Each structure stands twice: as C-alpha cells, then as structure tokens.
Amino acid sequence: MTKLTIFQRQTYASGAFTKSMLWNFTDLLLLYYLADIQGLGAASAGFILLISLVISGILDITLSLLLDKFNLHYQKVIAFGAPLTALSFAVLFYPLPAAADYLFAYYFVVTILFRIGYALVDIPHNAMLGTLTRDTHERTSLSSSRIFFNSCAILCFAIYAGDVLTLLESENISLRIGILVACSTFMLVNLYLCVLPVWRTGRLPENTERISTKHAFAALLRNRAFLVLAAFSLVPCIFIPVFYKSGVYFASLILLDEKFTTWLITSLALGKLVSLPLYKYLSKSMEKHHLMICSMAGLALVFLLFALFNPDTLVQLCTYFLICGFFSGGFVMILWSALPDTIEYGAAQGGTSNQALTFGAFHLVTRVSDGLCFAIIAFVLEYSQSTASNSNTELFADLTALIAFAGCLLGAVVLWFYPLTRAVHNALATEKDK
C-alpha cells in the first residue's frame, strides 16, 4: 500500500485551503454582496444562489459518474478546472456597472460557471483520498492535514471578513481588482501545487471496466459502510451543526453585537486545530467509528452544559465554541478518513469500487443536510421571537443546544452499526494489492 512523503501529503492537503476559502466566501458573503452591495435584492440574489446550488448538487453526482465511467485521471481534471474556478471567482466579485436586469443575467451565468469550476476541483480532489493510498492510517494523516488547512482558511476568513466587506462596499475599484487578481492567482497556484507532487501517484488502473449508472448506484446501495456514514451525515448532521452555525445569532442576541461572530468562528477553528494531533494519535489504537462515538459524547456534554448554564459573556461563549470545535473537528477528520475506506468495502460487496461516486453521493447528502440545518435554525429563530416571553434569547439558545444534543445521541446510535473495522479494511486493501 502506497506511503506518501510528508511533502506529497501536505501539498495535496493544501488544496483544502483554497477550497475552504472559496466555500466560505460564497456561502457567507455572496448573498449579502449580490442583494445589498450590487443591489439585486434579496429575492433575486436568493434565486441565483438556490438555482446554482441545485445545479451544483447535480454537477457533483454527474461528474462523479463520469469520472468513474471513463476512468478519468483526477489530477488532470483538477488541472483543467482550476483556471475556470479562479477566473470565475474573480469575475463573480468584479463590480460590474450595469442595470439591474443585466446584472441579474450576468451574476446568474457567472455563479453557475463558478459552481462548475468548483465541482471540477472539489470532487476529484476529495476522490483522490481513495486513490493516493489504501492504508487506513495514511488516509487519517491525509484527512488530518486537510482539516488543518481547512481550519487555517476559516481562521483567515474570520479575521479578515470585516475588511473584505469594507473592501466590497468601497468605491476604490482599482484596489478591489488588484486584490481579486492577487487572490485568484494564489488560488490557481495552490490548486496546481496540490496535484503536481502526486501527479503519477494513485492513478487508477488503465483497464478499469466501464459500468452502467444503474449498476454503479446498485453497488453503492449494497455498501453498508457507506450507507451508515451517509445516514450519519443526512440525519444527525442536520441537528449537530445547528449549534455552531447559530454563532452569528448568539453574538447578536446574547452579546448584542454581531461583530463578535468573528471571535466565535475563530474559537471554533482553533478548537479544530488543537484536536488534530490527539485524534490522529488516538486513531492508531481505536476503531474510527468508536472514536467518532466518543466525539458525540463529548459534544453532547458541551451542548447540555450550554443549555443548563446559559453563558452570557464573550469569554464563556468562546470557551464553548473552542471545545465544540475540538470535538467537531475531530469527528469530521475521522469521518473523511473513514469515507475512502468504504470504497474497498464496496468493491468487495458490490463488485465495483465507485471511486468518485462515493464522494459525489456523499457531497449531495451533506448539502441536503446543510440546507435542512439552516431551515431548522430559521424555524427556531422564528419560534423564539414569536413567543410572548421576555426570555426569547434564552429560549433560542436552549433550543439550539438541545437540538444539537439530540443530534449527538442519534449520531452515536447510527455509528454503532458501522461494519468496517481496521482489520477488515486492511484485509480487503491487502487483497486488492495482490
């Protein structure tokens, strides 16, 4: 089984930095930018984001099927998609002076182009986790490095989010264009850097048999290990992130200043960074799903204490977010290191590896979970504000914490049915290497 060098591991994982920056920019700022700064209005901007995300989900599945069916070289696909991703990102935030009708058409097209470029980079980069190595510990190291770069990107975003908004609202067009060119160039270089050192590593066999879409999905549905991880992401992960995705509302309602959101996001990211070495060490002696169950227990305790004691200062809230980041970062790292292990399990159960489809289907599940998670937050916010009680803020905080607590309990139950142990995976991977 392939053993990567430290340089190969870190350069590949560094691609998560650019992907995370792109995702945070478009996930947290694009709606405000289109609706308020560019003047499209909330309805038009929301329509653009809704349609583009639907198209993004379709693209993820379609691209993953094409990658498997035609046995495409993942590194080449990323190299092809990187320029489109960087260019469409720069054009997306370019301040085009035009009438509202033209602006709507312009940003609608550019947003879809950006989603296409992002899919061409994101799906194959994630799928490479399953091809670069079949060693389960090596995959944990890769996942740990990816979460490290992802957390660093979140920290950078949190620190400079206010400055970015100020820049987008300013009339200094030349400065904005210069920064967009610099950022896009950095992202392009980073995306190429993440594939060049592993260009000839982890390539799929040239004579891989092409299978039908029906056969591919049928095999995926027989992959019990994948289905358990998908069920975990589809159900418990709707509820667990309700807590930390409510950070802006905690800052606004409890601390009375939404700018303190930066401190909460920073604490969350720092918690993730601190957790990585410990989880990487523990994964050598514990089964991955057992380690994730322990994370669920830790998160459940955090959420329960939050609901019982109702923190009302910045230091207290940051402490909760730091601990939450510690446990959530750990289980996300282990989750993404376990996902490629299901590929060998699926090949043994269904007769086909589904290298890219495994990640494409998982992406679709996580995006559905994200959408439903935000819907729950909106419902809880509306419900707490509609009560006649004077303690609306406390009600909102309690409900979000208790919902996340319930998600942790449900997550532990789902993970208990995960069938893949380290010994079973090693046997499957060793057999495939022969």
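FYI, the numbering just counts along the sequence from 1. Because the structure is predicted, anything quoted here is derived from the model rather than measured. In what follows, every heavy atom counts, from backbone to side chain, and hydrogens, waters and symmetry copies are set aside.
Note: I403 CD1 to I238 CD1 = 11.5 Å, rounded to the nearest 0.5 Å. Rounded to the nearest 0.5 Å, atoms CD1 (I343) and CG (L220) are 10.0 Å apart. Atom CG of L282 is separated from atom CG of L278 by 4.5 Å, given to the nearest 0.5 angstrom. Interatomic distance, T140 OG1 to K284 NZ, rounded to the nearest 0.5 Å: 10.0 Å.
Side-chain atoms of S295 come within 3.5 Å of backbone N or O of L291 as a donor-acceptor pair. Listed for the T26 side chain is a donor-acceptor partner under 3.5 Å among the backbone atoms of W23. A donor-acceptor pair under 3.5 Å is formed between the side chain of N223 and the backbone N or O of T342. Checked by atom type and distance alone, the side chain of T85 pairs as donor or acceptor with a backbone atom of G117 at under 3.5 Å. A side-chain donor-acceptor contact under 3.5 Å links N354 to the backbone of A216. R9 contributes no side-chain N or O that, together with a main-chain N or O of E138, makes up a donor-acceptor pair within less than 3.5 Å. A donor-acceptor pair under 3.5 Å links the side-chain atoms of S143 to the main chain of M333, judged by distance alone. Under the 3.5 Å distance criterion, the side-chain polar atoms of T11 are matched with a main-chain donor or acceptor of Q8. Of the possible polar contacts, none joining the Y94 side chain to the I177 backbone as a donor-acceptor pair under 3.5 Å is found. When atom types are taken as modelled, the side chain of R115 and the backbone of I55 share no donor-acceptor pair closer than 3.5 angstrom.
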Next item on the list: Show your working on side-chain contact (heavy atoms from CB on, under 4.5 Å) between L299 and F303 and close with a plain yes or no.
Entry: CA-CA 6 Å; L299 281 172; F303 299 144; 3.9 Å; yes
Item checked: Step-by-step side-chain contact (heavy atoms from CB on, under 4.5 Å) determination, Q75 to R200 -> CA-CA 9 Å; Q75 289 88 322; R200 298 186 178 276; over 6 Å; no
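Taking the side chain to side chain contact (heavy atoms under 4.5 Å, CB included) definition, one finds that A119 meets it with L59, D60, L63, sequence neighbours left out. Residues satisfying the side chain to side chain contact (heavy atoms under 4.5 Å, CB included) test with S275, not counting sequence neighbours, are Y279, F326.
Taking the six-membered ring for Trp and the full ring otherwise, F243 and F250 have centroids separated by under 6.0 Å. Ring pair Y383/F396: centre-to-centre distance not below 6.0 Å. Taking the centre of each ring, F157 and F25 come in below the 6.0 Å mark. For F331 and F327, the ring centers sit 6.0 Å or farther from each other.
Counting non-hydrogen atoms of neighbouring residues, nucleotides and ligands closer than 6.0 angstrom, the CZ atom of F80 reaches no more than 12 such neighbours. Open room surrounds CZ on F148; 12 or fewer heavy atoms of other groups in view lie less than 6.0 Å from it.
The aromatic rings of H289 and Y418 sit tilted relative to each other, their planes meeting at an angle between 30° and 60°. Ring orientation note: the planes of Y33 and F93 are tilted relative to one another, at an angle of 30° to 60°.
Side-chain contact, N190 with S14: a donor N or O sits under 3.5 Å from an acceptor N or O. A donor-acceptor contact closer than 3.5 angstrom is absent between the side chains of T421 and E287.
A side chain to side chain contact (heavy atoms under 4.5 Å, CB included) with F362 is found for one member of L234, L339, N126 and no other, namely L339. Checked against H125 for a ring pair (Phe, Tyr, Trp, His ring centres under 6.0 Å), the options Y12, F359, F149 give a single hit: Y12. When the options E344, R134, K288 are evaluated for a side chain to side chain donor-acceptor pair (under 3.5 Å) with H425, the one that passes is E344.
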